[in-house]
Amino acid sequence: MPTYVLFATLSPQGAYNLSLAPERLIEVNREVEALGGRVLRQWGLIGQFDFLSILEAPDSEAVSRISAELSARGSSHIEAYTAIPVEELMTGMTLG
């Protein structure tokens, strides 16, 4: 199954909500599964983004739906990227 990298930035309301109910992070991961994805790993970040999540999903359309659904709530902004294994990128490449 394809892998995707999601960066999330919380809105002020999202940060406030999370401070009141930190378990909401796990609930969102369950919601991602209900939308067709699966969170493999997740980290809190210091810097431009608040969270980094590695997801598996059947296709880019599923990730678009997940991102749109989560962003529509107004608690966060999501940026999603396809992660391509280096071995796949190297297939067919000629160096030199």
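The figures that follow rest on heavy atoms only: side chains count, while hydrogens, waters and symmetry mates do not.
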Is there a chain of hydrophobic side chains (I, L, V, M, F, W, Y, each step under 4.5 Å between heavy atoms) that links Val5 to Leu45? yes

When you measure from the side chain of Ser76 to the backbone N and O of Leu10, does any donor-acceptor pair fall under 3.5 Å? no

Please check: side-chain N/O of Tyr4 versus main-chain N/O of Ile54, any donor-acceptor pairing under 3.5 Å?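 No; zero donor-acceptor contacts below 3.5 Å.
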
Would you compute the distance between atom [atom1] of [X] and atom [atom2] of [Y] and round it to the nearest 0.5 angstrom?
X     : Y     : atom1 : atom2 : value
Glu33 : Leu55 : CD    : CG    : 9.5 Å
Ile66 : Glu31 : CD1   : CD    : 11.0 Å
Arg73 : Ser11 : CZ    : OG    : 12.5 Å
Leu6  : Leu70 : CG    : CG    : 8.0 Å
Glu69 : Ser64 : CD    : OG    : 13.0 Å

Quick one: do the Gln13 and Asn17 side chains pair a donor with an acceptor below 3.5 Å? yes

Under 4.0 Å between a Lys/Arg side-chain N and an Asp/Glu carboxylate O for Arg24 and Glu27?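 Salt bridge present between Arg24 and Glu27.
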
For Glu23, does the CD atom sit with more than 12 other heavy atoms under 6.0 Å from it, leaving out its own atoms? yes

Can you give me the closest heavy-atom contact between Gln42 and Ser53, atom names plus distance?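 For Gln42 and Ser53, the tightest heavy-atom pair comes out as NE2-OG, 2.9 Å.
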
Please give me the minimum heavy-atom distance between Pro58 and Gly36, naming the atom from each residue. CD-O, 3.2 Å

Sequence neighbours left out, what pairs pass salt bridge (Lys or Arg N to Asp or Glu O under 4.0 Å) with at least one residue falling in residues 44-62? Arg38-Glu56

Under the rule for salt bridge (Lys or Arg N to Asp or Glu O under 4.0 Å), what residues qualify as partners of Glu87, not counting sequence neighbours? none

